[in-house]
2 protein chains.
Amino acid sequence: MSRRPMVRPGGRSARVQESVHTAVRELLAEQGREGLTVPQVAHRAGVTPSTIYRRWGDLEQLLSDVAVERLRPETPPEDRGSLAADLESWAEQFLDEMSSTAGRAYIRDALLGDPDGSNAGQCSAYAAEQLDVVLARASVRGEPTPGVERAVDEIVAPLMYRILFRPDGLDAAYARRLAHRALAAAEEPPA
Amino acid sequence: MSRRPMVRPGGRSARVQESVHTAVRELLAEQGREGLTVPQVAHRAGVTPSTIYRRWGDLEQLLSDVAVERLRPETPPEDRGSLAADLESWAEQFLDEMSSTAGRAYIRDALLGDPDGSNAGQCSAYAAEQLDVVLARASVRGEPTPGVERAVDEIVAPLMYRILFRPDGLDAAYARRLAHRALAAAEEPPA
DNA sequence: CCACTAAAGCAAAGGAATTGCTTTTGCCCG
DNA sequence: CGGGCAAAAGCAATTCCTTTGCTTTAGTGG
């Protein structure tokens, strides 16, 4: 879990949390991250700055929390009938969402204000979950599948690495190529 | 290139740059990053804070510059006689250096204060360079080799992804497994 | 050797971050 | 249903980081 304290789920804490998160999202959308400050967020959210400092520590940890929330997938991956098609389309969509300017900013924020690594871990868990659904479906169909860990190595890791370290030259074709490698790994002995 | 301006080599600028970088490294070693501030670095380096703000912008970009410098490999990878051995030992060493507490901190810093992505790109280039040396050597020996890009996907990306997003359960055996996958990719058609 | 320019020093002003104390509010127990 | 307890928010003062205009120093080229 994050540094964020347990929030009493219906009380004032929850309302404050909600309004602060909303304020961050709105301000990010309106003006981007340039010049975003805690006092500014506090004012928009109708709270005092010290409340934010006490609950989140600093702007980066607050942004990290908002980012993780925003990176959570909203729907399970669509079923396209075969593992190949499912992996391809998931990889393409993942790349699409994550490599956008907004997506990259959220990833950076999630990593950035994350002292104990729990937010980053959460992001990774989201991706693994989605892949797990796809692989389980294929398994039910009787298709050979790679393990989730292998799929993460072959698809998620290269995409994320390139998004973070070499944002150029990424396209859907590359994502599809990665999906096929993961597929090829399904037939090998589990190395 | 970074936001860091071209420094006249040999002049006062170079001396300031040197003393500031040294101050950062010393303070990081002594007290870690907790409570590290620009004025503190400036004092240790014997310059005024405004000098640092004017040249680097803020603490994060300064740390990013120092981190990239520190992540530069100092020696070409050792020749162990075969591609398999070279890849294995390089992957192990890479994991070792990067997954340490200090290594992780440097990676995070490098990514963090990097508005245009040039510092992250530099880190990636370092790894690609090292791999390129290993692969070229194998090529000369007549061994089949994967392309550098493929080796990056199979070795560097998974290691980096896990270091950043899931720091648990990383060990030398995993690094070796990745090296073997890259090796296996050498015989496939270049997908 | 002198002029020109880039970078560093200096100092003041503005604003973010921190913190002790008070007040509110939600929750639990009698 | 009412009183007390504890957690979190508000408030305000203080600290010090950050910014910025101006001056001074130092390196470069004519």
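Proteins get letters first, then strands, A, B, ... in listed order; numbering begins at 1 in each. Nothing here was measured: the structure is a model prediction, and the numbers come from that model.
For the pair B/Asp171 and B/Arg177, the salt-bridge criterion is not met [side-chain N within less than 4.0 Å of a carboxylate O]. Between B/Arg108 and A/Asp114, none of the side-chain N atoms (NZ, or NE/NH1/NH2) sits under 4.0 Å from a carboxylate O, so this pair counts as no salt bridge.
Distance check, rounded to the nearest 0.5 Å: OH of A/Tyr174 to CG of A/Leu159 gives 6.0 Å. Note that CD of B/Gln17 and OG1 of B/Thr51 are 12.5 Å apart. Values are rounded to the nearest 0.5 Å.
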Its contact letters, B for base, S for sugar-phosphate only and - for none at protein heavy atoms under 4.0 Å, make nucleotides 16-21 of chain C read SBBBBB
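Put simply, CH2 on B/Trp56 is 15 Å from P on D/dT19, counting in whole angstrom units. One atom, NE2 of B/His43, and another, C1' of D/dC17, lie 16 Å apart when rounded to the nearest Å. Here D/dT18 presents its P atom at 12 Å from CD of B/Gln61, a figure rounded to the nearest Å. The separation between A/Ile52 atom CD1 and D/dC11 atom C1' is 15 Å, rounded to whole Å.
Every ring-ring contact (aromatic ring centres under 6.0 Å, His included) that A/Phe94 has, sequence neighbours left out, goes to A/Trp90.
Between A/Thr51 and D/dG10 there is a side-chain polar atom (N or O) within less than 4.0 angstrom of OP1 or OP2.
Candidate nucleotides C/dA8, D/dA9, C/dG9 were compared by shortest atom distance to the side chain of A/Arg12, and D/dA9 ranks first. With C/dA8, C/dG9, D/dA9 as the choices, the nucleotide that has an atom nearest any side-chain atom of B/Arg55 turns out to be C/dA8.
With hydrogens and angles disregarded, no donor-acceptor distance shorter than 3.5 Å links the side chain of A/Arg181 to the backbone of B/Ala185.
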